[in-house]
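Report on the structure given below.
First the proteins, then the strands, lettered A, B, ... as listed; each starts at 1. As the structure is a computational prediction, the values presented were derived from the model and not from experiment.
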Amino acid sequence: MNRIPVVAVSIGMATGIYAVSFGALGVTAGLSILETMLLSLLMFSGASQFAFVGVVATGGMAAIPTAIASAWLLGVRNGFYALRMAPVLGMPGISKLLSAQLTIDESTAVATAQSNQADEQRGFWWTGVSVFIFWNLMTLAGALLGDQIGDPANYGLDSAAAAAFLGLVWPRLSSSKFKLIGLAAFVVALATISIVPAGIPVLLGALVAAVIQYWGKR
Amino acid sequence: MIAASLAVFSWKFLGYLVPEKYVSNPRFREIADAITVGLLSSLIAIQGFTTDSAVTVDSRLPALILAAGLLYLRMPFIVVIASAAALSALIRMFF
């Protein structure tokens with residue numbers, strides 16, 4: 001199917017929209033353009049990057065250990081994505097490093113929405129590479145513009161990120177079981193946000209999803 | 001920067017090191033699929049309806065409703081995201 005490259009580039013461009021706000025936030029938080037770019041190139045995981053610069057913005061360089069811990073905690077879900085993608089991609093030896101770096105929300109979501117293994121692989125690589133290119137180019141643009149941009153919320157970039165997650169999960173919601181699982185995770189994340197540390201509500205949502213799937217089968 | 005990136009990368013890589021015999025079982029795949037849906041749905045909740053660890057409803061709600069409508073109409077991803085951002089920005093400009 002030729003739809004996969006179109007979807008992949010479209011998702012890449014969309015993530016580029018909020019990569020601009022990441023680049024701007026990075027330099028506003030006191031990081032250099034190079035440091036901001038290193039996060040997008042090496043960390044390459046939106047939620048972890050925003051958490052990292054968010055902590056640095058409020059606590060400065062003294063808060064680096066906390067910033068690392070928050071980024072690490074928010075990165076746990078990529079481990080679940082990796083577990084899901086490993087048998088699909090079947091990468092041998094050292095090439096696992098490449099697939100690991102591109103294992104993010106977007107690449108996994110597009111891959112798992114496909115119906116056969118060849119399309120799952122194409123979905124993963126097209127989306128992973130497309131997001132990587134746009135994410136880094138637009139981070140650079142945002143870092144160069146810096147605080148001239150102002151509050152990203154003024155441009156609705158927070159809504160763009162929320163809508164992106166909705167768009168990624170949308171193809172899976174055609175099944176009523178996944179509708180129920182999605183709704184349950186949504187409710188659990190909101191119910192726990194004010195009582196547990198940042199990053200945990202999302203994992204609790206994932207836990208509820210796994211439990212429903214596990215028990216629903218019996 | 002590098003230490004933080006390595007910390008985040010460790011998760012991505014660990015997932016690929018689990019032996020194939022555990023992860024290729026269909027039961028496991030169904031649970032991994034459910035977890036993907038659960039993670040993305042929780043992320044909608046956190047990104048769309050919270051501010052500094054408190055539940056809040058603001059212009060992100062109409063933006064998400066618009067996004068859902070456009071997804072229902074099978075609009076391209078980039079159109080959905082850009083429209084949601086634009087609606088939210090417009091609402092914030094006037095209120």
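With a 4.5 angstrom heavy-atom cutoff, A:V208 does not touch chain B via any of its atoms. Looking at B:S10, the atoms closer than 4.5 Å to chain A (heavy atoms on both sides) all sit in the side chain, from C-beta outward. Proximity to chain B is absent for every atom of A:I195, based on heavy atoms less than 4.5 angstrom apart. Interface residue A:L97: backbone and side-chain heavy atoms are both found under 4.5 Å from chain B. Of the two parts of A:L74, neither the backbone nor the side chain holds a non-hydrogen atom closer than 4.5 Å to a non-hydrogen atom of chain B. Only the side chain of A:V88 comes within less than 4.5 Å of a heavy atom of chain B; its backbone N, CA, C and O stay farther away. Contacts between A:S70 and chain B at a heavy-atom distance below 4.5 Å are absent for every atom of the residue. Of the two parts of A:A184, neither the backbone nor the side chain holds a non-hydrogen atom closer than 4.5 Å to a non-hydrogen atom of chain B. For B:V18, the part sitting under 4.5 Å from any heavy atom of chain A is the side chain, from C-beta outward, and nothing else. Looking at B:Y72, the atoms closer than 4.5 Å to chain A (heavy atoms on both sides) sit in the backbone and in the side chain alike. With a 4.5 angstrom heavy-atom cutoff, A:Y81 touches chain B only via side-chain atoms. Heavy-atom distances place both the backbone and the side chain of A:L190 under 4.5 Å from chain B.
Ionic pairing of B:E20 and A:K96 is not present here: no N-O contact between side-chain nitrogen and carboxylate oxygen is shorter than 4.0 angstrom. Between A:D151 and B:R92 there is no salt bridge, since none of the side-chain N atoms of the basic residue sits less than 4.0 Å from a carboxylate O of the acidic one.
Counting heavy atoms from C-beta on, the side chains of B:M1 and A:L42 never come closer than 4.5 Å. Using a 4.5 Å cut-off on side-chain heavy atoms (C-beta onward), A:W72 and B:W11 make contact. Put simply, the side chain of B:F28 reaches to within 4.5 Å of the side chain of A:L83, judged on heavy atoms.
Comparing A:F80, A:F178, A:Y18 by how many heavy-atom pairs each has under 4.5 Å with chain B, the most go to A:F178. Of the listed residues (B:L43, B:D58, B:V23), the one with the most heavy-atom contacts under 4.5 Å to chain A is B:L43. Heavy-atom pairs under 4.5 Å with chain B were tallied for A:P87, A:A189, A:A160; the largest tally goes to A:P87. The candidate from A:M13, A:R84, A:R172, A:Q49 with the greatest count of non-hydrogen atom pairs under 4.5 Å with chain B is A:R84. Heavy-atom pairs under 4.5 Å with chain A peak, among B:A32, B:A7, B:A67, at B:A7. When each of A:L173, A:I181, A:I11 is scored by its heavy-atom pairs under 4.5 Å with chain B, the top score falls to A:I11. Counting heavy-atom pairs under 4.5 Å between each of A:A153, A:A67, A:G90 and chain B puts A:A153 at the top. Interface remark: of the candidates B:P62, B:A82, B:G15, B:G15 forms the most heavy-atom pairs closer than 4.5 Å to chain A. Between chain A and the residues B:I46, B:I2, B:L17, the most heavy-atom pairs under 4.5 angstrom are made by B:I46. The greatest number of non-hydrogen atom pairs below 4.5 Å with chain B, out of A:A191, A:S48, A:A164, is found for A:A164.
With hydrogens and angles left out, the side-chain atoms of B:Y16 and A:T103 include a donor and acceptor closer than 3.5 Å.
For A:N116, the CG atom is densely surrounded, since the number of other residues' heavy atoms within 6.0 Å is greater than 12. Within 6.0 Å of CD1 in A:I94 there are 12 or fewer heavy atoms belonging to other residues, nucleotides or ligands.
Between A:A82 and B:K12, the closest heavy-atom pair is CB-O, 3.1 Å. Scanning both residues, A:I68 and B:A4, for their nearest heavy atoms gives CG1-CB, 3.7 Å.
Rounding to the nearest 0.5 Å gives a distance of 5.5 Å between CZ of B:F9 and CD of A:Q101. In this structure, A:N78 CG and B:F13 CZ are separated by 14.5 Å, a value rounded to the nearest 0.5 Å. Summarising the geometry, atom CH2 belonging to A:W170 is positioned 9.5 Å from atom CD1 belonging to B:I44; distances are rounded to the nearest 0.5 Å. Note that OG1 of B:T50 and CG of A:D158 are 10.0 Å apart. Values are rounded to the nearest 0.5 Å. One finds the CG atom of B:L66 at 10.5 Å from the CG atom of A:L166 (value rounded to the nearest 0.5 Å). Here B:I91 contributes atom CD1 and A:S159 contributes atom OG; the two are 8.0 Å apart, rounded to the nearest 0.5 Å.
Judged by distance alone, the side chain of A:S10 and the main-chain N or O of B:I78 form a donor-acceptor pair under 3.5 Å.
Geometric assessment of B:R27 against the ring of A:Y214 yields a positive cation-pi assignment under the 6.0 Å and 45° thresholds.
Centroid-to-centroid, the aromatic rings of A:F186 and B:F49 come within less than 6.0 Å.
For residues 33-42 of chain B, heavy-atom neighbours of chain A at less than 4.5 Å comprise B:D33, B:A34, B:I35, B:T36, B:V37, B:G38, B:L39, B:L40, B:S41, B:S42, sorted by residue number.
Note on residues 67-84 of chain B: no pairs pass salt bridge (Lys or Arg N to Asp or Glu O under 4.0 Å), not counting sequence neighbours.
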